[in-house]
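See below for the structure under consideration.
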Amino acid sequence: SLNATGAGEKGVSVSCAMLSALVPLGGSSLPSAPLDGSRSSRYPAKRHSAASHRSSHRVTHARYLHRTSAAAVAAAAACVLARHWVPRRKLGRVAREAVALQAAPTKQHWLFYGPDSTVDDDFLSQLLSIQSVRAGEMVMSLADALRLVQDATAILRDEDTLCRVDFDKVVVVGDLHGQYHDLLRIFELAGMPGDDNPYLFNGDFVDRGSNSLEVILALFALKLRFPKAVRLNRGNHEAVKLNLLYGFAQELYNRYGPEGERLFNAFSEAFRWLPLAHVVNSEVFVVHGGLPGPDPRLAFIDAGGGGTGYDAVKQVDETGRSGGRKGGGQHLSLLGYNPDNVSLPPRNTELTLEQIAALPRYLEPAGDFGALERLPFEEAEVQRLVVDLLWADPRGKTGYGPSYRVQNGCYIFGPDVTDAFLQRNGLRLVVRSHEVKVNGYEWTHPSLISVFSAANYLGHARNKGAILKLERSHISGHLEPSFITYEASERTTYGSA
């Protein structure tokens, strides 16, 4: 009902009961509208105090009205202004503007996440549904998005570089690359994440696709809701350099303008704290890229002119660096070489899980050989191992070969390398992502699975997406793999990068 007041001039306040009568509580967050009738801008005018703004959103439980009647939208707009006195002569303008917002939605539709907010089932449901309907739009204010990212970062900071978890079952999701509707499809096929349905997301959440923000906000919200059951690994695209090149930074700018840099920096901080790998039930090693490179890291020389062989030589520069494991890195000619004709033997001593767990993960991965060569020995060694875990790929031939991702200083590795690593650490299986696969997954080695979840990658790869389910067998007691595949969503849009 409308209640008159006598505070200077006659005005009205609108009870949220009006909204409840018109719209079921299962709606979603409320659009805000300027009081002066002007067209809404990218950011709201700071016309009311932050406390009153938060209060009005709490009353409405931060839910958005999806194309309901004009009367309901008008009531919603008025309800947003609850506890602010609106001159009676302006009430009609507010209602008209609410109808205009319904006809032409703007980027000013927000889900509230305040200083005292927590992610519960209701918030999570609303976030997933709003982002589906409003994909590509700004659904949270900059301040609220920053708070959510910072809360997720606090949880990630407390986790280990190598996380050990025990599950009776777990869903492993490969690269998503900003394809938010693929993520929603995964939840339809494998069930929503929860304490009784754990998930491990294996890196490359952002870049390439057009909805990286939707993906990463959803994953961080899930992490806040189910910190033990939702696990995240870092991928090679959770890095500043790649985010600047392949779309995530531009996407944030498109949503938030220059102020979006603050959100970009917050995400970068969170990414640096992501674990590098997980060990599930002391038998499955899950990592985004691959396994540690050869030891010593011998230099490749394309002696045959066509990549028909290699010569391992010791090269020492004026600083005393050699071409070994702590030396200056690889020196490759990429003119026509065939990596299957080039091979280094497996490591003399396989890296242990304890050594991986001891890596300092809070860093930006080196992007090229020059960056590695300029670092001190120990720091360069850490960088090389991190690059291996984030970037390396398996191959069919035994031993190590030069990777086509040569700029990043990693190798490709054969099935004997995989078997040696598993045997050294008492494991049964490696699960990794990082490479698009026609069917969404592949048994690349007898003991190594690749899983890739971004269907029709880049909009033209025509691959299926896939997820991996690991479930404890009642017979063997071990985790046994199975796969779910799916086609690309028609709603997926792709970036230009």
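For the single chain, residues carry numbers from 1 onward in sequence order.
A190 approaches I467 most closely through the heavy-atom pair CB-CD1, 3.6 Å. The shortest heavy-atom contact between T161 and I356 is CG2-O, 3.6 Å. Minimum heavy-atom separation, G174 to S453: N-OG, 2.8 Å. Taking each heavy atom of S433 and N202 in turn, the nearest pair found is OG-ND2, 3.0 Å. Considering all non-hydrogen atoms of both residues, L363 and R234 come closest at O-NH1, 3.0 Å. Between M138 and R255, the shortest heavy-atom contact is SD-O, 3.6 Å.
Here L232 contributes atom CG and F220 contributes atom CZ; the two are 6.5 Å apart, rounded to the nearest 0.5 Å. Here CG of L245 is found 9.5 Å from CZ of R208. Values are rounded to the nearest 0.5 Å. With rounding to the nearest 0.5 Å, the separation of CG in L385 from CG in L276 is 10.0 Å. With values rounded to the nearest 0.5 angstrom, T444 atom OG1 is found 6.5 Å from E435 atom CD. Atom CZ of F483 is separated from atom CG of N439 by 10.5 Å, given to the nearest 0.5 angstrom. To the nearest 0.5 Å, atoms NE2 (H237) and OH (Y246) are separated by 6.5 Å.
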Residues R361, E159; criterion salt bridge (charged side-chain N to carboxylate O under 4.0 Å, His left out); working and verdict: CA-CA 11 Å; R361 72 183 187 277; E159 295 187 340; over 6 Å; no

Verdict with reasoning, V172 to I449, per side chain to side chain contact (heavy atoms under 4.5 Å, CB included): CA-CA 11 Å; V172 181; I449 295 171; over 6 Å; no

Working for side chain to side chain contact (heavy atoms under 4.5 Å, CB included), residues Y180 and I216: CA-CA 9 Å; Y180 180 65; I216 195 60; over 6 Å; no

Check against salt bridge (charged side-chain N to carboxylate O under 4.0 Å, His left out), D144 and R147: CA-CA 5 Å; D144 289 352; R147 272 190 287 268; 2.4 Å; yes

L468 and Y441: CA distance, side-chain angles, deciding distance, side chain to side chain contact (heavy atoms under 4.5 Å, CB included) verdict: CA-CA 8 Å; L468 167 67; Y441 73 93; over 6 Å; no

Side chain to side chain contact (heavy atoms under 4.5 Å, CB included) between L252 and L213, worked out: CA-CA 7 Å; L252 294 178; L213 183 58; 3.8 Å; yes

Worked check of ring pair (Phe, Tyr, Trp, His ring centres under 6.0 Å) between F413 and F421: CA-CA 11 Å; F413 58 95; F421 176 82; 9.2 Å; no

Candidate pair R164 and E354, rule salt bridge (charged side-chain N to carboxylate O under 4.0 Å, His left out), full reasoning: CA-CA 11 Å; R164 296 175 181 265; E354 290 71 24; 3.6 Å; yes

Derivation and outcome, ring pair (Phe, Tyr, Trp, His ring centres under 6.0 Å), residues Y113 and F123: CA-CA 9 Å; Y113 187 81; F123 178 93; 5.6 Å; yes

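Here D393 pairs with R432 in a salt bridge; the nearest charged N to carboxylate O distance falls below 4.0 Å. With salt bridges taken as basic N to acidic carboxylate O contacts below 4.0 Å, one links R225 and D121.
Side-chain N/O atoms of D175 and Y457 include no donor and acceptor closer than 3.5 Å. There is no side-chain donor-acceptor pair under 3.5 Å between E269 and N265.
V430 is listed as a side-chain neighbour of L422, based on a closest heavy-atom distance under 4.5 Å. Side chains of L224 and T118 form no contact here, defined as non-hydrogen atoms less than 4.5 Å apart. Here the side chains of L353 and L427 are in contact, with some heavy-atom distance below 4.5 Å.
Ring geometry, H177 versus F452: the interplanar angle falls from 30° to 60°, so the pair is classed tilted. Taking the six-membered ring for Trp and thresholds of 30 and 60 degrees, F248 and F271 have ring planes inclined between 30 and 60 degrees apart. Ring-plane geometry between F201 and Y199 is classed as parallel, the angle between the planes falling under 30 degrees on a 0 to 90 degree scale with a further cut at 60.
Between the Q179 side chain and the L176 main chain, no donor and acceptor come within less than 3.5 Å of each other.
Take A357 and apply the side chain to side chain contact (heavy atoms under 4.5 Å, CB included) test, not counting sequence neighbours, and it matches L162. R491 is linked by a salt bridge (Lys or Arg N to Asp or Glu O under 4.0 Å) to nothing, counting only residues two or more places apart in sequence or in another chain. Applying the side chain to side chain contact (heavy atoms under 4.5 Å, CB included) test to N456 and every residue at least two apart in sequence or in another chain returns R462, A488, Y494.
The environment of K464 atom NZ is sparse: at most 12 non-hydrogen atoms of other residues, nucleotides or ligands sit within 6.0 angstrom. For E261, the CD atom is loosely surrounded, since the number of other residues' heavy atoms within 6.0 Å does not exceed 12.
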